[in-house]
Amino acid sequence: MFTRTNLRLALATATAVSLTGGLLTLSVGAASAATPAKFADDFNGDGYRDYAVAGLGGEVAVTYGTATGPGTTTKTFTQSSAGIPGTAGDAGGYGDAFGEDIASADLNRDGYADLAVADFTEKVSGKAGSGAVTILWGRKTGLTGTDATRLKVTARSDQGFGKEIETGDFNGDGKADLAIANAIDSVYVYRGGFAKSGTTGKVTKHTRDGILEPTGMVAGKVTKDKATDLYLLGQGYHNDKMTQDAWFLRGGSTIKPGKVTVVNGSTPDYSPTGVVADFDKDGYGDLAVSDTRYNNKAGSVVVWRGGSTGPTTKYRLTQSTAGVATAATTRDYFGSDLSAGDTNGDGYPDLAVGVYSEKVGSMEDAGGVHVLRGGKSGLTGKNSQWFTRATAGVPGDPREYESFGSLVRLRDIDRDGDKDLLVSNNSYDPSVLLPGTGSGITATGARELNVVAAFPQ
């Protein structure tokens, strides 16, 4: 999720990145007592995807899906909600980060998706900044805090447990697992099954040799085995310079730490976003990760190709890439948010790329979003699309400093079989839904929607 921009950090919104829907779908395996949830975010088991989004001031809002998309029922959770442990508000000198990262899956395999909510600032057992991850359990009536469960971890001051979280089947046994990074250097993997009593499967800790301060985490199928793999994104240190790194951890019965790549060797993106998808359809998942500080903050997206044992080679896309509609200029922040999905039905996942500081006409920082197409050679600028408030059919007009494109999501929101594009400029105003068609995203029929484009993918 994988993965937030500085703007979203300031707004305390969350983007947890996981693979569901039209990408490399996460399977949570066969249940012993019930059929597991069809979707990793169907919290009430009605067969429709729901929308969990972090809000302002330590809260999570869940809007329930219907046959035609997001419905009118929204429930908000904070640490003041009945049953949820901890205290809302300031935590030992830290701001409340409850819900700053979230991840969903049917963790106890009862037919209802559950929501893991992180708070890396939480004071635990008198230890300020120790951090905590709490599971809200799904049921027929939806999520509730009544029997919320806090995961067990040794309390330690300033460890920031829960800085990043992801779900996936990391050991390939058919059960959903939970990966949690602290704010220092380590990833904990809690294996399923999970129970409301607080018990889990085996817990393992993985620490990289050398400096890596976590700033994001991405889960997805990179190799062709059954296990979900992980990338930990973060600040590294090489040749006396702070860098932006991506560390690969291969899933399996034993998680194997793998390669580290330097995404930016001189100016790290302190809140990168990323997603895994098979952009060239060779059977291996590729990591697309933002590098918004590239070229004086003009921005870029780095793609690290997948292979039989993990990532292989990489390439970079910018607004100077042939076919991309706009020019690279200082402080555009190309890559401010990313989302993947096949938008034109050719079988290749495409990539929506937010550019929240793009100038539109005379309006500084009005923002927009590109859709880059996947193909045999991976992502390119060929036949890409570009949308702003100035695009015919898009509601509203470009406004200075609006930051349209701060948050983007590709998903079949209206359930017509085509991927739609949801675009937000912040965590509280209505988003714009750009409908999908068999040939791509269109502004025809675009409308505003009261769901923020920050739900897990």
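Numbering starts at 1 and runs along the sequence shown.
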For a quick test of reading the model, state the closest non-hydrogen atom pair linking [X] to [Y] and the distance between them.
| X | Y | answer |
| --- | --- | --- |
| Ala61 | Thr74 | CB-CG2, 4.2 Å |
| Ala288 | Leu351 | CB-CD2, 4.1 Å |
| Leu421 | Ala352 | CD1-CB, 3.9 Å |
| Gly99 | Ala54 | O-CB, 2.9 Å |
| Ser384 | Leu372 | CB-CD2, 3.8 Å |
| Ala179 | Val187 | CB-CG1, 4.4 Å |

Mark yes or no for whether [X], through its side chain, and [Y], through its backbone, hold a donor-acceptor pair below 3.5 Å.
| X | Y | value |
| --- | --- | --- |
| Ser125 | Lys127 | no |
| Asn239 | Lys241 | no |
| Gln457 | Leu338 | yes |
| Ser290 | Thr292 | no |
| Ser336 | Gly354 | yes |
| Ser130 | Arg156 | yes |
| Asn264 | Pro268 | no |
| Asp177 | Phe170 | yes |
| Asn44 | Thr141 | no |
| Asp420 | Asp414 | yes |

Tell me whether the NZ or CZ atom of Lys224 lies within the 45° cone about the ring axis of Tyr284 and under 6.0 Å from its centre.
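Pair Lys224/Tyr284 counts as cation-pi.
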Cation over ring face, Lys259 and Phe248, 6.0 Å, 45°:
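No.
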How long is the gap from [atom1] on [X] to [atom2] on [Y], to the nearest 0.5 Å?
| X | Y | atom1 | atom2 | answer |
| --- | --- | --- | --- | --- |
| Asp245 | Tyr237 | CG | OH | 13.0 Å |
| Leu115 | Ile102 | CG | CD1 | 5.5 Å |
| Phe194 | Thr149 | CZ | OG1 | 10.5 Å |
| Thr243 | Leu212 | OG1 | CG | 8.5 Å |
| Gln244 | Tyr294 | CD | OH | 13.0 Å |
| Tyr348 | Lys376 | OH | NZ | 5.5 Å |

Hey, does [Y] have a side-chain heavy atom less than 4.5 Å from the side chain of [X]?
| X | Y | answer |
| --- | --- | --- |
| Asp291 | Val301 | no |
| Thr121 | Glu100 | no |
| Leu379 | Arg373 | no |
| Asp119 | Gln79 | yes |
| Thr309 | Thr223 | no |
| Asp114 | Asp106 | yes |
| Val408 | Leu422 | no |
| Val53 | Val60 | no |

[X] bridged to [Y] by N-O distance under 4.0 Å:
| X | Y | answer |
| --- | --- | --- |
| Asp269 | Arg293 | yes |
| Lys419 | Asp412 | no |
| Arg150 | Glu122 | yes |
| Arg139 | Asp147 | yes |
| Lys281 | Asp342 | no |
| Lys221 | Asp278 | no |
| Asp337 | Arg409 | yes |

Can you see whether [X] engages [Y] through a side-chain donor-acceptor pair at a distance of less than 3.5 angstrom?
| X | Y | result |
| --- | --- | --- |
| Thr313 | Arg305 | yes |
| Asp350 | Thr343 | yes |
| Arg316 | Thr321 | no |
| Glu59 | Thr76 | no |
| Thr318 | Ser300 | no |

Could you give me the CA-CA distance, side-chain angles and deciding distance for Leu178 and Leu151, then say whether side-chain contact (heavy atoms from CB on, under 4.5 Å) is met?
CA-CA 10 Å; Leu178 186 58; Leu151 291 180; 3.5 Å; yes
In terms of heavy-atom contacts, does NZ of Lys226 have more than 12 from other residues, nucleotides or ligands at under 6.0 Å?
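Atom NZ in Lys226 is not crowded, with 12 or fewer foreign heavy atoms closer than 6.0 Å.
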For Lys196, does the NZ atom sit with more than 12 other heavy atoms under 6.0 Å from it, leaving out its own atoms?
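For Lys196, atom NZ is crowded (more than 12 foreign heavy atoms under 6.0 Å).
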With ring pair (Phe, Tyr, Trp, His ring centres under 6.0 Å) as the test, would you mind laying out the steps for Trp304 and Tyr231 before giving the verdict?
CA-CA 11 Å; Trp304 203 5; Tyr231 286 98; 5.6 Å; yes
Worked check of ring pair (Phe, Tyr, Trp, His ring centres under 6.0 Å) between Phe334 and His370
CA-CA 9 Å; Phe334 177 83; His370 292 277; 5.7 Å; yes
Ring center gap for Tyr51 and Tyr64 short of 6.0 angstrom
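Aromatic pair excluded; centres sit 6.0 Å or further apart.
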Quick one: do Leu136 and Ile84 satisfy side-chain contact (heavy atoms from CB on, under 4.5 Å)? Show the steps, please.
CA-CA 8 Å; Leu136 309 185; Ile84 296 180; 3.9 Å; yes
Apply side-chain contact (heavy atoms from CB on, under 4.5 Å) to His206 and Leu249, showing your working.
CA-CA 9 Å; His206 310 273; Leu249 294 93; 3.8 Å; yes
May I have the step-by-step check of side-chain contact (heavy atoms from CB on, under 4.5 Å) for Leu407 and Asn425, ending in yes or no?
CA-CA 6 Å; Leu407 298 161; Asn425 55 290; over 6 Å; no
